[in-house]
Amino acid sequence: MLKLEHLYKTFNPGTINQKVALSDLSLHLNPGDFVTVIGGNGAGKSTMLNAIAGVWAVDSGRIILDGQDVTALPEHKRANFIGRVFQDPMMGTAPNMQLEENLALAMRRGQRRGLGWGVTKAEREVYREKLKTLNLGLEDRMTVKVGLLSGGQRQALTLLMASLQKPKLLLLDEHTAALDPATAAKVLDLSDRIVAENQLTALMITHNMTDAIKHGNRLIMMNEGQIILDISGEEKKQLTKQMLMDKFAELAGTQVESDQVLLSK
Amino acid sequence: MSIAVYFSSLSLLKLLKNMPGGIAQGLIWGLMALGVYITFRLLDVADLTVDGSFTTGGACTVMLILAGWPAWAALLVAVLAGVAAGFCTGMLHTKLGIPAILAGILTQFSLYSINLHIMGMAANKAVSVDKFSLILSSRSVPMAILTGFLIALALVSLFYWYFGTEQGSALRATGSNGAMSRAQGIDVDAMKVLGLSISNGVVALSGGLMAQYQGFADINMGRGAIVIGLAAVIIGEVVGRALLGKRLNFYGTLSFTVIGGVLYYAVVVIVLWLKLNSNDLKLFTAIIVAVFLSVPYLRDQSKTSFARLKKKGGSPNA
């Protein structure tokens, strides 16, 4: 479904702030793969997701989504195939617009936006049913401005929006990191459900090793812009936190002390 | 003693006589404020192009009418010229990476020369209602008010419809959250260019109407238009919210933007009637706009600020 071939990205090349973010990164996702991504700060996790989403162009390498080379497509065109939820709950929704207007914007992802009504009566009913499944009471607040919702509600809404038009790929960039533990657990459950129900292919970054082990069918660990560990199937089911920590120490070498603290967060 | 003389010199009749003219001009400026509303409130961009495109609208209209065109056709060309000006600002901003406020200033600055060219290098061109058939004129103020009102009604309705469509929603989303818009497949750059073009088209229309109303186009007629537009938008919002509160919907917001223009001009008429120095009008307007722009910020600050903690003498949770 997704092929990353030898991706390179260096930020601020030739300056004192030069940072090699992706270095010969390759990855192949099968349809239906739900991959959790872990790694220390600056390992290149978010950079990989941003490269896939097309936030900027990579320096070299190819990105192939469902057989189509999207390397040269700008962000808004790639959005036709990709659903995204960001770390910042404020980032995934338009605060000055009504809840139903946000959903309607997402419903038209990948379609021409013409002079038909922005929200039709028929789709309102669809939204109401979909919102009911979130169990947040949002189905009764469809004309409320999204800016008035809580972070957790906005993340749940963003998840729903990402799946309204079935994406070929769902990118979850630490989407529970800014939420309190109880809300985070709820949003994670919802993510599981939406991925399963729609049989989505997904990449989920997390800083929580327990979550990384518990969710998805495959786990990758990144370090210095590369994938250093890729575990799936039965092997992943057997994983424990301790095994991951040992693996990390073994593979990443010198940085262990600092990163161990971070990874066990 | 001198105060008594001052008040006795003011005639209420004179105020009433001047008010209709103020309302007519206010309606025309209110149309311009609709354009400013699109960029300032919906796109979240302060577009300074309008100072130039207002004059462009006036210059095109007057020159074409003098060349024998019917007034409506001249206005149409004026709108297209305004659209072109907004398009330039949009391209400077999105394709060449110039900050929006600077892009607007550059276009506005260049329009000064272009407007002079349009007017055949004259700073002032008159178009007499005696010789030409104009859409509205200060010669017949009641008709001008009626015409202005009908045009405002049509534009408010048009915008109410347009910003409810899929494309209009995408434009509003662009101003509300750019990152989200891109993630939903919206071409944010294209929406900004489109919004700036529409906005300046309306501003040029307003300039074309103003030139006909006052009977001439002047190279400086657009000076400070952005501030008057902002004043109208803000006055409209404040009054709209005060009168309708939560019932103020999008149609109401657009209508009150035009009403804001009328109220602004009513104040101008009163200021002139009070025999205050009209040269101080711009200072006066700037102060009003600054005050109203700062109100939301100060209101937030008064809720959560160090000043509040200081007043209470400590943290409320301490």
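Convention: sequence-line order gives letters A, B, ...; per-chain numbering from 1.
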Side chains of A:His76 and B:Asp187, heavy atoms from C-beta outward: is any pair under 4.5 Å? yes
For A:Ile82, is it the side chain, the backbone, both, or neither that has a heavy atom closer than 4.5 Å to a heavy atom of chain B? backbone
Contact part of B:Phe163 toward chain A, heavy-atom cut-off under 4.5 Å: side chain, backbone, both or neither? neither
For B:Ser176, the option from A:Asn96, A:Thr93, A:Val146 that meets side chain to side chain contact (heavy atoms under 4.5 Å, CB included): A:Asn96
A:Ala106 versus chain B, the contacting section by heavy-atom distance below 4.5 Å: both
Closest heavy-atom contact between B:Gly164 and A:Trp117? O-CE3, 3.5 Å
Atom OH of B:Tyr162 and atom CG of A:Leu115: how far apart are they, to the nearest 0.5 Å? 7.0 Å
Checking B:Asn177 side chain against A:Met90 main chain: does a donor-acceptor pair fall under 3.5 Å? yes
Minimum heavy-atom separation for B:Ile186 to A:Leu105, with atom names? CD1-CD2, 4.0 Å
Going by heavy atoms in the side chains, are A:Asn102 and B:Met180 under 4.5 Å from each other? yes
Counting C-beta onward and ignoring hydrogens, is there a side-chain heavy-atom pair between A:Met97 and B:Ser169 closer than 4.5 Å? yes
Do NZ/NE/NH1/NH2 and the carboxylate oxygens of B:Arg172 and A:Glu101 come within less than 4.0 Å? yes
Can you confirm whether more than 12 heavy atoms, excluding those of A:Gln199, are under 6.0 Å from its CD atom? no
So which atom in A:Phe86 and which in B:Ala179 form the shortest heavy-atom distance, rounded to 0.1 Å? CZ-O, 4.5 Å
CZ on A:Arg109 to CD on B:Gln184, rounded to 0.5 Å: 6.0 Å
With distance as the sole test, does B:Glu166 use its side chain to make a donor-acceptor pair with the main-chain N or O of A:Gly114 at under 3.5 Å? yes
Which region of A:Arg112, side chain (C-beta onward) or backbone (N, CA, C, O), has a non-hydrogen atom less than 4.5 Å from a non-hydrogen atom of chain B, or is it both or neither? backbone
Heavy-atom pair with the smallest gap, counting every atom of A:Arg113 and B:Gly185: NH2-C, 4.4 Å
Is the number of heavy atoms from other residues, nucleotides or ligands within 6.0 Å of NZ (A:Lys168) greater than 12? yes
